[in-house]
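For reference, the structure discussed in these notes is given below.
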Amino acid sequence: MSQKPSIPQGTRDFTPLEMARRRYIFSTVERIFREFGFQQIETPSLENLSTLTGKYGDEGDTLLFKVLNSGDFLKKAPDILLEEKNSNRLIPHIADRGLRYDLTVPFARYVVMHQNEITFPFKRYQIQPVWRADRPQKGRYREFYQCDVDIVGSDSLIYEAELLCIYDRVFAAFNLPVQIRINNRKILEGIANQCGFKESFRSFTVIIDKLDKIGADKVKEELAALGGDANAAMLLLEKGALDKNYLSSLKERMHDVTGLKGLAELEEMLHYLSSYHAINEVVFDGTLARGLNYYTGTIYEVVASNVQMGSIGGGGRYDDLTGIFGLKGVSGVGISFGADRIYDVLLESDLFPDTVANSTQLLICPMEDSALGKAFEYAMQCRMAGISSEVYPQAAKLKKQLTYANNNQIAYAAILGEQELAAGKVALKNLQSGEQEIVDIESVIKKIKA
RNA sequence: GUGGUCGUAGCUCAAUUGGUUAGAGCGUCAGAUUGUGGUUCUGAAGGUCGUGGGUUCGAUUCCCAUCGAUCACCCCA
């Protein structure tokens, strides 16, 4: 009995072409991370649920993939809960582990566990998949890769500035025009405090974050429902170009201490950036909030300028993420690249270079079974000379062998038949031009390497 | 988690209000060309019409369920 194979919802297979393009993304990102002095780590796909839960808000907890305990896990579950059939209450008794939801929280856990081996400030990057039990849609997958760079153990705003440069450099390398939005949670807090949203800060951020989508009137309406002064808040929540005039005008109207601190941070960051000329558009966006709970200072978000897609990158400063795991006073800041969304955007914008699929350079085509040994020998010789080579595994019709070369975009075919064998040479065919000449294997190597 | 749209060949799509044997292009394979691909010509293979049930003399078509894809909301990369 055979069954129709399938893969879980929201997951994908990747073809060789897709992988070549994904590798292009990863290697570009990685190259620039290294340029800034970051070192790579990896963490396990599975984390203890106690590490993950409560870090992303209630919504985040429901989106965590939980993994059932081994063994006869139901035996250990309390009978009352089993009868109740309440999944949420039963989970802690039957699942101790879950798939990671992002790379930042596992990183904070890593820092705490390895604090004695780490030299601070610690600059790490991490390129790994994460999982979310979200319903899939455009640009949303249940398994996707994030590329994270973070620095922990310093609260210097130099790093805020550097991270912005990383965003700019990476997207410049992709030739993808983006808008890099920045804001500071302290400014948001200041506005909230000043306008009577202190108690409802989290709801406040969720609402103003939707300004683009639902419009000013609707936002005002929803803010008013929270009980604060919606009009006063709206006047402070502007989205503007990143310039000194705008900031000074905001500074005049800001009275809250936390808010002023946020503005000072932003100013210092801009001071560092004054010598750097960003290729992409950088804007201060007073309505940028970001849902994740742990951000405390600068926050970033990146959207593609010409493609309709959610954010393709985001990040920010978190002052006390390691504190949750028992290491106080270690501030961190980091950003993330959503590799799969970047893939979709690059594909839609037709921005993948043709050269990403670097295929085999030479196919050796044996015409007789007696040529197989020599073909194998030549292939090894070429490989050791740095030419990626393949041997067609049997003396099939030449047509078939050349079709194989053609479909795999192989540049050269070395035909090895009775005559060539006797002469100690091959017929080297250039599959782009169609030209062909009889040469020895040393000349083949020289010609392809030239 | 809530709602809308859609599931026909490997891919993109047809099939006249429910009617006999479900078609085309592209792709694949074979031959024309016994040692020459990417162009051309000829031919072939490939379908439980997503799955299960119901209505009907008869269902790819109508109804229900289910699975999957997709889009929007929520939230996010």
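Reminder, nothing fancy here: chain letters follow the sequence lines and each chain counts from 1.
Here A:Thr104 pairs with A:Asp148 under the side chain to side chain donor-acceptor pair (under 3.5 Å) rule; sequence neighbours left out. For A:Asp340, the salt bridge (charged side-chain N to carboxylate O under 4.0 Å, His left out) criterion is met by A:Arg12, A:Arg22, not counting sequence neighbours.
At a threshold of 4.0 Å, the pair A:Lys425-A:Asp440 does not count as salt-bridged, since none of the basic side-chain nitrogens sits closer than that to a carboxylate oxygen. With respect to A:Lys374 and A:Glu377, a salt bridge is recorded, a charged nitrogen being found less than 4.0 Å from a carboxylate O.
Annotation: cation-pi pair A:Arg317/A:Tyr295 absent, no NZ/CZ under 6.0 Å from the ring centroid and within 45° of its normal. Judged by the 6.0 Å and 45° rule, A:Arg132 forms a cation-pi pair with A:Tyr101.
One atom, CZ of A:Phe26, and another, C1' of B:rA77, lie 12 Å apart when rounded to the nearest Å. Atom CG of A:Leu17 is separated from atom C1' of B:rG10 by 17 Å (rounded to the nearest Å). Atom CD of A:Glu368 and atom P of B:rU34 are 14 Å apart (whole Å). Atom CD of A:Gln401 is separated from atom P of B:rC29 by 14 Å (rounded to the nearest Å). Residue A:Tyr56 contributes atom OH, which lies 13 Å from atom C1' of B:rA77 at whole-angstrom precision. Between A:Glu420 atom CD and B:rU36 atom C1' the separation is 12 Å, expressed in whole Å. At whole-Å resolution of the value, NZ in A:Lys397 and P in B:rA30 are 7 Å apart. Between the CH2 atom of A:Trp131 and the C1' atom of B:rC76 there is a distance of 17 Å, rounded to whole Å.
Here A:Phe33 and A:Tyr125 bring their ring centres to under 6.0 angstrom of each other.
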So which protein N/O to nucleotides 71-74 of chain B N/O distances come out below 3.5 Å?
from: B:rC71; atom 1: OP2; to: A:Lys138; atom 2: N; distance (Å): 2.5
from: B:rA72; atom 1: OP2; to: A:Gln137; atom 2: OE1; distance (Å): 3.2
from: B:rC73; atom 1: N4; to: A:Gln137; atom 2: NE2; distance (Å): 3.3
from: B:rC74; atom 1: N4; to: A:Arg140; atom 2: NH1; distance (Å): 2.7
from: B:rC74; atom 1: N4; to: A:Arg140; atom 2: NH2; distance (Å): 2.8

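Residue contacts shown for A:Tyr141 include a base, since a base heavy atom lies under 4.0 Å away. Backbone-only contact: A:Gly313 has heavy atoms under 4.0 Å from sugar-phosphate atoms and none from a base. Within 4.0 Å of A:Gly315, counting heavy atoms only, lies no atom of the nucleic acid at all. Residue-level contact check: A:Glu143 touches neither bases nor backbone, having no heavy atom under 4.0 Å from any strand.
Using atom P as the reference point in both B:rA45 and B:rG4, the two lie 44 Å apart (nearest Å). Atom name P, nucleotides B:rA59 and B:rG68: the rounded distance is 28 Å, in whole Å. When the P atom is compared between B:rA9 and B:rA22, the two are found 14 Å apart, to the nearest whole Å. Distance check on atom C1': B:rC67 versus B:rU12 gives 24 Å, rounded to whole Å. As rounded to the nearest Å, B:rG46 and B:rU8 have C1' atoms that lie 14 Å from one another. B:rG1 and B:rC76: their C1' atoms are spaced 15 Å apart (whole Å). Comparing B:rU36 with B:rU16, their P atoms are spaced 48 Å from each other, to the whole Å. When the C1' atom is compared between B:rC41 and B:rG23, the two are found 23 Å apart, to the nearest whole Å.
Between the side chains of A:Thr298 and A:Glu265, no donor N or O sits under 3.5 Å from an acceptor N or O. There is no side-chain donor-acceptor pair under 3.5 Å between A:Tyr294 and A:Asp319. Side-chain N/O atoms of A:Thr15 and A:Glu18 include a donor and acceptor closer than 3.5 Å. Side-chain atoms of A:Asn183 and A:Asp285 form no donor-acceptor pair, as typed in the model, at a separation below 3.5 Å.
Among the duplex regions that RNA chain B forms, those built from at least three successive Watson-Crick or G-U pairs under 3.5 Å are B:1-7 with B:67-73, B:10-13 with B:23-26, B:28-32 with B:40-44, B:50-54 with B:62-66, ordered by first number.
Pairs passing the ring-ring contact (aromatic ring centres under 6.0 Å, His included) check and including a residue from residues 133-153 of chain A, sequence neighbours excluded, read A:Phe26-A:Tyr145.
Judged by centroid separation below 5.5 Å and plane tilt below 30°, A:Phe144 stacks onto the base of B:rA77.
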Worksheet, complete the sentence: Heavy-atom contacts, protein to nucleotides 37-44 of chain B, under 4.0 Å, summarised as B (base), S (sugar-phosphate only) or - (none) per nt, yield BB------
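Taking for each of A:Gly310 and A:Thr11 the nucleotide of RNA chain B with the nearest heavy atom, the 5'-most of the two is the partner of A:Thr11.
Of the side-chain N and O atoms in A:Gln9, one or more sit less than 4.0 angstrom from OP1 or OP2 of B:rA69.
Counting distance only, with no hydrogens placed and no angle test, the side-chain atoms of A:Gln436 and the base atoms of B:rU36 include a donor-acceptor pair under 3.5 Å.
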Worksheet item: Does the pair A:Tyr300 and A:Glu160 meet the rule for a side-chain hydrogen bond (donor to acceptor under 3.5 Å, both in side chains), with working shown?
Response: CA-CA 10 Å; A:Tyr300 308 81; A:Glu160 259 90 340; 5.2 Å; no
